[in-house]
Amino acid sequence: MAARLHPAVLRSPDIVDLRQLDARDLDPLLGEETAAWLDELHWDFEKSADLVRRFVDLRALNGCALIEEGVITGYLYYVIEENKGLIGDVYVRRAWAGEERETRLLTWGVEAVMQTRPVNRIESQLMMLRHTPGRAVPRADCLSAFERNFMYIDLRQAELGEGRVRRPMYIEKWSDHYQEPAAQLIAAAYTGHVDSRVNDQYRSVPGARRFLYNIVQYPGCGTFYRPASFAAFEAATGRLCGISLASLVAPDCGHITQICVSPTVQGSGIGYSLLRQSLTALREMGCRSATLTVTASNRGAVDLYLRVGFEILRRFSAFVWERW
C-alpha cells in the first residue's frame, strides 16, 4: 500500500517543492525507481537514490514532487552548475505513469531553472522518461532534442576478438596523471561533434576536466572502475591518442562511461582495441554484462558497437534548452 504523507503536507498543492518533504516521504517512489533501473537497464540505482534522500533531508535539493490524494506519484530534481542547469531525474510511478504527469513535472523543472540567474542553458538525459517521437516538450521554442541509444551486451556470449590496429600504439591502464592530456583529447575529439551539442563540457579543456572529475567522483554513471579503464598512446611520440573509461553500475554489470580517440587516429582500430580491453577486464572481474549510451546519429560508433555485440535496449532523448 502506498505510503501517505504526514498531515502537514497533505494540505499542500499538487506540485510541492522537494524542500518541503522528508526523505521518508520519497521512499516508496525511490524504492520503485530503484527496482525499475535494475529490472529494465541492469543498473543499481541505490547509491543515486541515497544521494537524493541525503540532500532532501538537508533541504538542499532543488526539485518538486507530484502529489495525488496524499501520495507522491512522481518527482523531478535539478542542479545548477554556474550558468547551466542539469535536470537530473524525472520519474513517475508505474500506477500513475503517463506523458501528462511527466510533462507537468518537466514543465515545472524547466521553468524553475529558467528563472535562475545567470543560467542560460539546460541539459537533461532522462532514461526513465518515456521516449515517444513527437511528444510534447515544454519550451519547444528554445529546445533541441537528440535521440540516444542505451545499449547492452551480454559479456558471457561476446567474442571480443583482437581485431587489427593499423597504427603503432600501446595501451596502459588508466592513471590519474592522464587526466590533463585526456581533457585535451576530449576537447579535440568532440570539436564539431554532435555530442558537444548534447554536453557542452566537451567543448573546452576546462569543461572536459570537470566531466572527468564528475565521472570519477560521483555515482551518476556508476562507480568508477579503474582496472577496466585504459589509455592508448602513439608509439612514435608517446602522445595520448585514446581513452576508454569504465564504471560498475551493478555488481555484475559494467558501463563504458567514455570512449574517444584523437581525430588523427580515427578509423585505425584503436577505438575498438580500447573498447575490447575494457569489456574484457569487466568480464574477467565477474561482470556478466555491460552497457553504454551513444547518440543515434553517430552512425560510425553505433555500427561499431553493434558489430561488437551490443544491442539497443532503449531509446531516450537528450534535451537542451538555450537562448530563451
Side-chain angles (χ1 to χ4, degrees), residues 43-52 54-55 58 60-63 77-89 113 116 118-127 148 171-191 193 195-233 239-250 254-262 271 274-275 277-278 281-282 290-295 318 320:
W43 282 35
D44 184 351
F45 187 72
E46 192 59 47
K47 288 185 179 179
S48 294
D50 284 343
L51 278 177
V52 170
R54 185 187 314 164
F55 283 102
L58 290 171
L61 188 63
N62 295 310
Y77 77 83
Y78 66 88
V79 298
I80 303 297
E81 291 185 355
E82 298 177 351
N83 66 336
K84 180 169 67 175
L86 300 169
I87 298 178
D89 194 16
V113 177
T116 304
V119 171
N120 56 24
R121 178 181 170 91
I122 304 171
E123 295 177 359
S124 71
Q125 297 192 51
L126 305 168
M127 284 187 279
R148 307 206 75 217
I171 292 178
E172 300 282 357
K173 288 189 175 180
W174 175 258
S175 172
D176 287 342
H177 69 264
Y178 298 151
Q179 288 209 22
E180 184 58 27
Q184 296 173 18
L185 171 69
I186 289 171
Y190 287 102
T191 299
H193 194 281
D195 285 353
S196 68
R197 298 176 62 195
V198 174
N199 184 347
D200 69 349
Q201 289 181 328
Y202 292 162
R203 298 178 185 176
S204 68
V205 174
R209 284 194 203 106
R210 288 194 297 273
F211 168 78
L212 289 168
Y213 178 83
N214 287 341
I215 64 175
V216 170
Q217 298 296 327
Y218 295 109
C221 288
T223 302
F224 181 64
Y225 189 59
R226 194 177 304 272
S229 299
F230 297 92
F233 301 84
R239 182 180 303 151
L240 181 74
C241 62
I243 57 172
S244 178
L245 305 181
S247 66
L248 296 178
V249 291
H255 181 70
I256 305 301
T257 58
Q258 175 62 214
I259 181 165
C260 71
V261 298
S262 167
L274 283 164
L275 178 62
Q277 289 268 37
S278 288
L282 289 170
T291 61
L292 56 78
T293 60
V294 59
T295 304
V320 176

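Between the side chain of Glu123 and the backbone N or O of Asp200 there is at least one donor-acceptor pair closer than 3.5 Å. Judged by distance alone, with hydrogens and angles left aside, the side-chain atoms of Ser244 form no donor-acceptor pair with the main-chain N or O of Phe230 at under 3.5 Å. Of the possible polar contacts, one joining the His255 side chain to the Thr291 backbone as a donor-acceptor pair under 3.5 Å is found. A donor-acceptor contact shorter than 3.5 Å is absent between the side chain of Ser196 and the backbone of Tyr202. With hydrogens and angles ignored, the 3.5 Å screen pairs a side-chain donor or acceptor of Ser278 with a backbone N or O of Ala228.
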- May I have the step-by-step check of side chain to side chain contact (heavy atoms under 4.5 Å, CB included) for Phe224 and Trp174, ending in yes or no? CA-CA 11 Å; Phe224 181 64; Trp174 175 258; 3.6 Å; yes

- Are Asp89 and Phe45 close enough, and set up right, to give a side chain to side chain contact (heavy atoms under 4.5 Å, CB included), and what steps lead you there? CA-CA 12 Å; Asp89 194 16; Phe45 187 72; 3.8 Å; yes

- Message: Assess the residue pair Ile80 and Val119 against the criterion (side chain to side chain contact (heavy atoms under 4.5 Å, CB included)); give the C-alpha distance rounded to whole Å, side-chain angles, the decisive distance to 0.1 Å, and a yes or no.
- Response: CA-CA 8 Å; Ile80 303 297; Val119 171; 3.9 Å; yes

- Message: Could you walk me through whether Lys47 and Thr223 satisfy the side chain to side chain donor-acceptor pair (under 3.5 Å) test, starting with their C-alpha distance in whole Å, then the side-chain angles of each, then the deciding distance to 0.1 Å, before giving a yes or no?
- Response: CA-CA 9 Å; Lys47 288 185 179 179; Thr223 302; 3.0 Å; yes

- Message: I'd like to know whether Lys84 forms a salt bridge (charged side-chain N to carboxylate O under 4.0 Å, His left out) with Glu82, so could you lay out the CA-CA distance, the side-chain angles of the two residues, the decisive distance to 0.1 Å, and finally the verdict.
- Response: CA-CA 6 Å; Lys84 180 169 67 175; Glu82 298 177 351; over 6 Å; no

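Taking the six-membered ring for Trp and the full ring otherwise, Tyr178 and Phe233 have centroids separated by under 6.0 Å.
Side-chain contact check for Glu81 versus Asn214: some heavy-atom pair is nearer than 4.5 Å. Asp44 places none of its side-chain heavy atoms less than 4.5 Å from the side chain of Val249. Residues Val320 and Asn199 are not in side-chain contact: their nearest non-hydrogen atoms beyond the backbone lie 4.5 Å or more apart. For the pair Val79 and Asn62, the minimum side-chain heavy-atom distance is 4.5 Å or more. With contacts defined as side-chain heavy-atom distances shorter than 4.5 Å, the pair Phe211/Val216 does not qualify.
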Identify each donor-acceptor pair in which a side-chain atom of residues 180-191 lies under 3.5 Å from a protein atom, sequence neighbours left out, and give them as a table.
from, atom 1, to, atom 2, distance (Å)
Glu180, OE1, Arg209, NE, 2.7
Glu180, OE2, Gln184, NE2, 3.4
Glu180, OE2, Arg209, NH2, 3.1
Tyr190, OH, Gln258, OE1, 2.7
Thr191, OG1, Ala187, O, 2.8
Thr191, OG1, Ala188, O, 3.4

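Surrounding CZ of Arg239 are at most 12 heavy atoms belonging to other residues, nucleotides or ligands under 6.0 Å away. Around CZ of Arg197, the count of heavy atoms belonging to other residues, nucleotides or ligands within 6.0 Å does not exceed 12.
The distance from atom CD1 of Ile171 to atom CD1 of Ile243, rounded to the nearest 0.5 Å, is 12.5 Å. Between the CZ atom of Arg210 and the OG atom of Ser204 there is a distance of 6.0 Å, given to the nearest 0.5 Å. Considering CG of Leu86 and CD1 of Ile122, their distance stands at 9.5 Å, rounded to 0.5 Å. Here OH of Tyr77 is found 6.0 Å from OG of Ser48. Values are rounded to the nearest 0.5 Å. The CD1 atom of Ile256 sits 11.5 Å away from atom SG of Cys221, with the distance rounded to the nearest 0.5 Å. Taken to the nearest 0.5 Å, the CG atom of Leu275 stands 7.0 Å off from the CG atom of Leu292.
In this view, Arg148 and Gln125, Asp195, Thr293, Thr295, Phe316, Ala318 satisfy the side-chain contact (heavy atoms from CB on, under 4.5 Å) rule, not counting sequence neighbours. Evaluation of the side-chain contact (heavy atoms from CB on, under 4.5 Å) rule for Ser124 yields Ile87, Leu126, Phe319, Trp321 as partners, not counting sequence neighbours.
Among all heavy-atom pairs drawn from Gly271 and Ile259, the shortest one is O-CD1, 3.5 Å. Scanning all heavy atoms of the two residues, the minimum distance from Leu282 to Ser247 falls at CD2-O, 4.3 Å.
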